[in-house]
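In what follows, a structure is listed as structure tokens, so that the remarks can point back to it.
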2 protein chains.
Amino acid sequence: MAVKLNPHVSVDCVIFGFDGQSLKVLLIDRNLGLTPEKQTAPNSLKLPGSMVYDDEDVDTAAVRVLKELTGLENIYLQQLKVFGSPDRLSKKDDLDWLQKATRMTINRVVTVAYYALIKLHKAMPCEGKVIWQDTQNIPELAFDHRDIVIEGLTALRKEVQYEPLVFELLPKKFTIRQLQTLYEIIEGRKFDNRNFRKSISRWQYLQPIDEKEKNVAHKPAQFYRFDKRAYQRLKKEFFE
Amino acid sequence: MAVKLNPHVSVDCVIFGFDGQSLKVLLIDRNLGLTPEKQTAPNSLKLPGSMVYDDEDVDTAAVRVLKELTGLENIYLQQLKVFGSPDRLSKKDDLDWLQKATRMTINRVVTVAYYALIKLHKAMPCEGKVIWQDTQNIPELAFDHRDIVIEGLTALRKEVQYEPLVFELLPKKFTIRQLQTLYEIIEGRKFDNRNFRKSISRWQYLQPIDEKEKNVAHKPAQFYRFDKRAYQRLKKEFFE
DNA sequence: TCAAAAGTGTTTATCTTACACCCATGG
DNA sequence: CCATGGGTGTAAGATAAACACTTTTGA
């Protein structure tokens, strides 16, 4: 076999956000700002991503993509899966776009997919350039990015059972109702509010703060915060 | 930035086996069969792996490595994690070995790690060429392979909680005691035998067969088998 | 005073844990 | 007949699930 054995390596990020009503995923529209004749048809939406630079750690590349796009650092970020099929670039439009965008001759890209959780209200720097797509309804996307998003949703649904990931999606202060709604959306089922409150009342790292809702036409809700230090301490104790 | 952006991509497999007493991981000794002056010092042990061929799916490369090494197909195989630090090849011995083994000039390799579960008694084809290392005691290995093994153990311990992976490690017919021992080793804790039997008695996919132990100096144990079809049917029903 | 969401307890069923003895076999 | 591991049940505590009314606020 004549070997070249050097595919390009990229990272792609499935970035989740929660706006209070639904779970969203961040997509980039390749056509924004282009004249119609230059636009890519028909699947112009893609995940944010980048080639991995020479001498750059793969995980670091994912952090860089997040930073460049949202301006945020210290974001919850996990490797999801490698998508390494040789026919990932089989759609001609995608391949053309990639060659133009990178100004390189590219035959193959192996991508490392990540998923990230952000506090949506904080990520405003990227406003205008991006689309927050509802996860209930993911359209066809560029490359195999729709598969990647679905894989990300599956991973999130699994992990949320064992890790307090929801607090990465909620604002710093939040109500029990917001917390419950988020769990309901991610898990795709409803909870009894009393039983929900009972179960979370055992979470010592969930702490009421000295503040309530204002200007609401009903009994104002107590705000809570996630005490990350307490969580890490309790977790450590548990493993001893 | 002057970009080359084309690291080599490899796969490495953490292959677990269970011999009835302990959990083992398969390692390759690079020095076997070499004269002393040609040997790599001092960490000659490595994980089985390969470069990903041009036009070869990354997952397929992992399947190929398993097939070439053990002769086995249809092995339980999962992506574990990508190890993509640029200084993975920082040990000079490792880099030298790699250049010789591949006959290529290589600066960087991004590897996709997998973990696999095999029925140890079946994997005899690879006898002699490999070492089955006890997972209680993983020595320093080539590259970052020790980190990869530890990551594999962590993933196995987590997954075994939610998926019936143990049956991939046990022979086709096995006793409840073997099953319990395997869980105890993987999870690193002891179970009460009565409570263990009670909990697994609910597993409809665990079926007694018409055979018992022979030639044992005590009451012979009942053999059981894992009914994969039943498991998949029950799992499907559960999600509806 | 009404509408709207917040917050609160009890009962029942299920699951988990702790614990001790008889059974079948080979030597 | 003895040594060895196989196999069995019960009671107490913890957890999960079902279910309805009062409270506080703004309009």
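Heavy atoms only: backbone and side chains are in, while hydrogens, waters and symmetry mates are out. So you know, we letter chains A, B, ... as the sequences are listed, proteins then strands, and number each from 1.
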What about B/N195, does its side chain sit under 3.5 Å from the base of C/dA18 through a donor-acceptor pair? yes
Euclidean distance, atom [atom1] of residue [X] to atom [atom2] of [N] [Å, nearest integer]:
{"X": "A/Q222", "N": "D/dT24", "atom1": "CD", "atom2": "C1'", "result": "14 Å"}
{"X": "B/R194", "N": "D/dG6", "atom1": "CZ", "atom2": "P", "result": "14 Å"}
{"X": "B/F174", "N": "D/dG5", "atom1": "CZ", "atom2": "P", "result": "21 Å"}
{"X": "A/Q180", "N": "C/dT8", "atom1": "CD", "atom2": "P", "result": "14 Å"}
{"X": "B/K214", "N": "D/dG6", "atom1": "NZ", "atom2": "C1'", "result": "17 Å"}
{"X": "B/F191", "N": "C/dT16", "atom1": "CZ", "atom2": "C1'", "result": "13 Å"}
{"X": "A/F223", "N": "C/dG7", "atom1": "CZ", "atom2": "P", "result": "10 Å"}
{"X": "A/E213", "N": "D/dT25", "atom1": "CD", "atom2": "P", "result": "12 Å"}

A/Y224 or A/K198, whichever maps to the more 5' nucleotide of DNA chain C: A/Y224
Is there a salt bridge (Lys or Arg N to Asp or Glu O under 4.0 Å) between A/R64 and A/E73? Walk through the geometry before answering. CA-CA 9 Å; A/R64 172 173 55 79; A/E73 286 177 282; over 6 Å; no
B/K81 NZ/CZ over B/F83 ring centroid, <6.0 Å and within 45° of normal: yes
Winner on side-chain proximity to B/R202, out of D/dT24, C/dC15, D/dG6, is C/dC15
Between the first and last five pairs of the helix from C/dT1-D/dA27 to C/dG27-D/dC1, the angle of the axes, rounded to 10 degrees: 0°
Is the centre of the A/F174 ring less than 6.0 Å from the centre of the A/F167 ring? yes
Give the C-alpha distance, both sets of side-chain angles, the deciding distance and a yes or no for side chain to side chain donor-acceptor pair (under 3.5 Å) between B/R88 and B/T111. CA-CA 9 Å; B/R88 291 188 62 239; B/T111 201; 4.7 Å; no
At 4.0 Å (heavy atoms only), tell me whether A/R197 reaches a base, stays on the sugar-phosphate, or touches nothing. base
Closest nucleotide of DNA chain D for B/D192 versus for A/A217: which of these residues is on the 5' side? B/D192
Look at the rings of B/W203 and B/Y205 and say which category their plane angle falls in: under 30° parallel, 30 to 60° tilted, over 60° perpendicular. parallel
Between A/K158 and B/E159 (salt bridge meaning N to carboxylate O under 4.0 Å), is one present in this structure? yes
Of A/L45, A/I131, A/L69, which is the lone residue that meets side-chain contact (heavy atoms from CB on, under 4.5 Å) with A/I28? A/L69
